[in-house]
Amino acid sequence: MRFLRASLMVVLLLVLSLTAVHAQDKKLTVGFAQTGSESGWRTAFTNAMKAEAEKEGIDLKFSDGQQKQEVQIAALRSFIAQQVDAILLAPIVETGWDAVLKEAQDANIPVILVDRGVSADPSLYVTRVAADFNHEGRLAAAWLAQATLGECNIVEIQGTVGSSAALDRMKGFGEVIALFPGMKIVATQVGDFTRDGGKKVMEGYIKSLDGLKDVCAIWAHNDDMLLGAIQALKEAGIKSGKDGIKTISVDGVCDMFKAMADGDASANVTLLPDLGPIAYQAVRDTLAGKPVEKRIVMPSPMNFPDTAAEQYAKCSAAS
Ligand code: AHR
């Protein structure tokens, strides 16, 4: 009898340890609901997430949200139905996520936000891995304040309406310029984070603001919109950057380094696209029951024309 009990115990331990080994070796399946492909930064971010997943042996199920929240919500529901191990969500806008996040939670599938944030209750997601967009806006405004000694009429080009990237950057920038009575935003319009959107907004400003003769700076919520705006300025024979209207934008895409090296743009706040290693580690830690910080903030370095040629050589060789 004692022998039988001991044998059963050995078999049980063997089964348990084999299950543990299997759980460790099991390939992770992660669903990634991306906003779309509106900008150069977005493409770099998508590519970085895919490359890191491949490097780490993760089965990444990728969904392009095509700039539509309903497409992203459908992607999340499909990931839930497929019983993925975890979901990464880059939400296009802040609001309207509560119901689907609750569905993921009820299905015991952890959701990790990458890049933009949501207004939903934080208990509905594990963490958010992203830069601090408010800080980016503040950095942009602080640079402009010192470059203009606090005297500047600014035109703003906003990102997607309702996105945390646009809302927080706008707020951070506004908080800093409010400290300088001589700095004001004389026009603000939405360019949707696209090059075409930025070009159209700037063409409108050139017409409505008398060829921008009283405008001292352009603040664009991302590089693509600024690059489109610079194109519009060139077509109208208006100079920007070194010999003209100052510019400041966020992202650090390769073409922006070229624009700074060419003297067409003045300064840049860089949004690092390589969130993969941290996001996938957060997935692994969550699944292993380890604690994960509620907010993981990525740094926001600034770049200027003095190093732009070197940066451009590096990024163009890599692409
Ligand atoms: O959410 C981050 C922003 O989204 C980037 O600055 C912009 O390029 C993108 O479209």
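Atoms within a ligand are numbered from 1 in the order they appear, just like the ligands themselves.
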Next item on the list: Number the atoms of ligand 1 from 1 as they appear, then name those within less than 4.0 Å of a heavy atom of Arg42, with their elements.
Entry: 1 (O), 2 (C), 3 (C), 4 (O), 9 (C), 10 (O)

Check: Does the Asn268 side chain pair with the main chain of Gly252, one donor and one acceptor, at a distance under 3.5 Å?
Finding: yes

Item checked: Phe193 neighbourhood, listing ligand 1 atoms whose heavy-atom distance to it stays under 4.0 Å -> 7 (C), 10 (O)

Next item on the list: With heavy atoms under 4.0 Å as the rule, classify the contact between Glu136 and ligand 1 as side chain, backbone, both or neither.
Entry: neither

Note to self: Between Asp196 and Thr194, is there a side-chain donor-acceptor contact under 3.5 Å, judged purely by atom types and distance?
What the structure shows: no

Checklist line | N/O separation below 3.5 Å, Asn222 to ligand 1 | finding: yes

Next item on the list: State whether a side-chain donor-acceptor pair under 3.5 Å links Arg116 with Thr35.
Entry: no

Next item on the list: May I ask whether Asp224 places a heavy atom under 4.0 Å from ligand 1?
Entry: no

Next item on the list: Around atom 6 (O) of ligand 1, find the nearest protein heavy atom and jot down its residue, atom name and distance.
Entry: Asp251 OD1, 2.6 Å

Notebook entry, point to check: Between Lys50 and Phe62, is NZ or CZ placed under 6.0 angstrom from the six-membered ring centre and within 45° of the ring axis?
Noted result: yes

Next item on the list: Give the contacting part of Thr160 toward ligand 1: side chain, backbone, both or neither, where contact means a heavy-atom distance below 4.0 Å.
Entry: neither

Margin query: Taking 4.0 angstrom as the limit and counting only heavy atoms of Ala165, give me the atoms of ligand 1 inside it, by number and element.
Written below: 1 (O), 2 (C)

Item checked: Protein contact to atom 2 (C) of ligand 1 [nearest heavy atom, distance to 0.1 Å] -> Asp115 OD1, 3.3 Å

Next item on the list: Could I get the full list of salt bridge (charged side-chain N to carboxylate O under 4.0 Å, His left out) partners for Lys171, not counting sequence neighbours?
Entry: Glu175

Checklist line | Nearest-neighbour protein heavy atom for atom 10 (O) of ligand 1, which is reported as residue plus atom name and distance | finding: Glu38 OE2, 2.5 Å

Checklist line | Polar atom proximity, Ser39 to ligand 1 (N or O, under 3.5 Å) | finding: yes

Item checked: salt bridge (charged side-chain N to carboxylate O under 4.0 Å, His left out) partners of Lys258, counting only residues at least two apart -> Asp262

Notebook entry, point to check: When you check the gap from the basic side-chain N to the acidic O, do Arg195 and Asp223 get nearer than 4.0 Å?
Noted result: no

Checklist line | Ligand-residue contact atoms, ligand 1 with Leu271, heavy atoms, under 4.0 Å | finding: 2 (C), 5 (C), 6 (O)

Notebook entry, point to check: With the threshold set at 4.0 Å, does a side-chain nitrogen-carboxylate oxygen contact exist between Glu203 and Lys200?
Noted result: no

Note to self: Taking a cutoff of less than 4.0 Å between a non-hydrogen atom of the residue and any ligand atom, is Gln67 in contact with ligand 1?
What the structure shows: no

Next item on the list: Would you check if there is a donor-acceptor pair between the side chains of Glu38 and Gln67 at a distance under 3.5 Å?
Entry: yes

